[in-house]
Amino acid sequence: QVQLVESGGGLVQAGGSLRLSCAASGRTFSRYAMAWFREAPGKEREFVAAISSSGGSTSYSDSVKGRFTISRDNAKNTVNLEMNSLKPEDTAVYYCAASGLIPSIPTSYDYWGRGTQVTVSS
């Protein structure tokens with residue numbers, strides 16, 4: 001199994017920034033596409049951003065494009081999400097996931113972290 005552990009969540013004021021990190025176990029991290037999803041209370045899990053196994057391509061949801069940046073460091077088995085210009089509607093539990101076939105669909109991913117809470121105050 002691949003273990004994924006998110007960190008970096010917290011409370012921030014609107015307009016502020018946070019950097020989330022996801023640490024992965026295993027020796028095959030560089031083979032996996034990685035993604036971030038988020039889930040607000042009472043809502044379904046939604047796609048945020050994805051990055052290819054090599055880091056050569058990325059994709060973002062329209063709601064975060066231009067504000068968030070996904071990156072990875074295969075040597076350190078980590079994937080990051082820089083979140084800038086945060087809005088109250090960004091408040092959610094953020095999850096990292098690995099091995100997706102279709103980047104924006106949660107069911108295409110095999111491994112998930114337990115999530116980290118991001119709260120943006122107005």
Side-chain angles (χ1 to χ4, degrees):
Q1 294 186 335
V2 175
Q3 301 293 129
L4 303 175
V5 181
E6 304 94 338
S7 63
L11 175 64
V12 64
Q13 291 185 336
S17 300
L18 283 174
R19 182 181 177 90
L20 305 183
S21 294
C22 177
S25 66
R27 295 172 291 179
T28 58
F29 175 76
S30 63
R31 301 179 185 177
Y32 305 149
M34 299 291 296
W36 288 93
F37 290 79
R38 65 187 182 186
E39 186 172 335
K43 297 182 179 180
E44 66 181 9
R45 191 166 297 187
E46 66 173 345
F47 171 76
V48 176
I51 188 167
S52 62
S53 59
S54 67
S57 63
T58 58
S59 62
Y60 299 90
S61 68
D62 289 341
S63 64
V64 308
K65 194 169 186 176
R67 299 188 297 123
F68 292 8
T69 302
I70 188 171
S71 62
R72 69 190 296 159
D73 186 339
N74 286 345
K76 296 181 178 180
N77 281 18
T78 59
V79 61
N80 302 308
L81 185 69
E82 282 192 8
M83 306 186 295
N84 300 313
S85 301
L86 284 162
K87 305 173 181 179
E89 50 263 46
D90 294 319
T91 295
V93 176
Y94 284 70
Y95 300 87
C96 64
S99 300
L101 295 177
I102 303 174
S104 63
I105 300 178
T107 53
S108 75
Y109 289 83
D110 299 317
Y111 307 105
W112 294 84
R114 293 181 179 180
T116 185
Q117 177 71 48
V118 172
T119 302
V120 184
S121 63
S122 60

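Numbers here simply count residues along the sequence, with the first being 1.
Rounding to the nearest 0.5 Å places CG of Leu101 at 7.0 Å from CG of Asp110. Atom OG of Ser85 sits about 7.0 Å away from atom CZ of Arg67, to the nearest 0.5 Å. Separation of atoms OG (Ser71) and CE (Met34) is listed at 11.5 Å; rounding is to 0.5 Å. Put simply, CG on Asn77 and OG on Ser25 are 8.0 Å apart, with the number rounded to the nearest 0.5 Å. The line from SG of Cys96 to CD1 of Ile51 is 13.0 Å long, rounded to the nearest 0.5 Å. A distance of 13.5 Å separates OH of Tyr111 from CZ of Phe29, quoted to the nearest 0.5 Å.
Contacts of Ser54 classified as side chain to side chain contact (heavy atoms under 4.5 Å, CB included), with partners at least two apart in sequence or in another chain: Ser52.
Sorted pairs that involve residues 49-95 and meet ring-ring contact (aromatic ring centres under 6.0 Å, His included), not counting sequence neighbours, are lacking altogether.
Taking 4.5 Å as the limit, every side-chain heavy atom of Val64 sits out of range of all side-chain heavy atoms of Met83. Side-chain contact between Ser21 and Lys76 is absent, with no heavy atoms from C-beta onward closer than 4.5 Å. The side-chain heavy atoms of Tyr32 and Ser53, taken from C-beta on, include no pair separated by under 4.5 Å. Ser121 places a side-chain heavy atom less than 4.5 Å from the side chain of Gln13.
Atom CZ of Arg114 has 12 or fewer neighbouring heavy atoms from other residues, nucleotides or ligands inside a 6.0 Å radius.
Val93 and Leu86 end up in different hydrophobic clusters when Ile, Leu, Val, Met, Phe, Trp and Tyr side chains are linked at under 4.5 Å. Both Ile70 and Leu4 belong to a common hydrophobic cluster when Ile, Leu, Val, Met, Phe, Trp and Tyr are linked at side-chain heavy-atom distances under 4.5 angstrom.
Residues Ala33 and Tyr109 approach most closely at O-CE2, 4.5 Å, considering heavy atoms. Contact between Ser108 and Ile105 at its shortest, heavy atoms only, is OG-O, 2.8 Å. Contact detail for Ala92 and Gln117: the closest heavy-atom pair is O-NE2, 3.4 Å.
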For this session: Could you check Arg38 against Val118 for side chain to side chain contact (heavy atoms under 4.5 Å, CB included), going step by step and ending with a plain yes or no?
Result: CA-CA 9 Å; Arg38 65 187 182 186; Val118 172; over 6 Å; no
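Using cut-offs of 30° and 60° on the angle between ring planes, the pair Phe37 and Trp112 is tilted.
For Thr91 (side chain) and Val120 (main-chain N/O), a donor-acceptor pair under 3.5 Å exists by modelled atom type.
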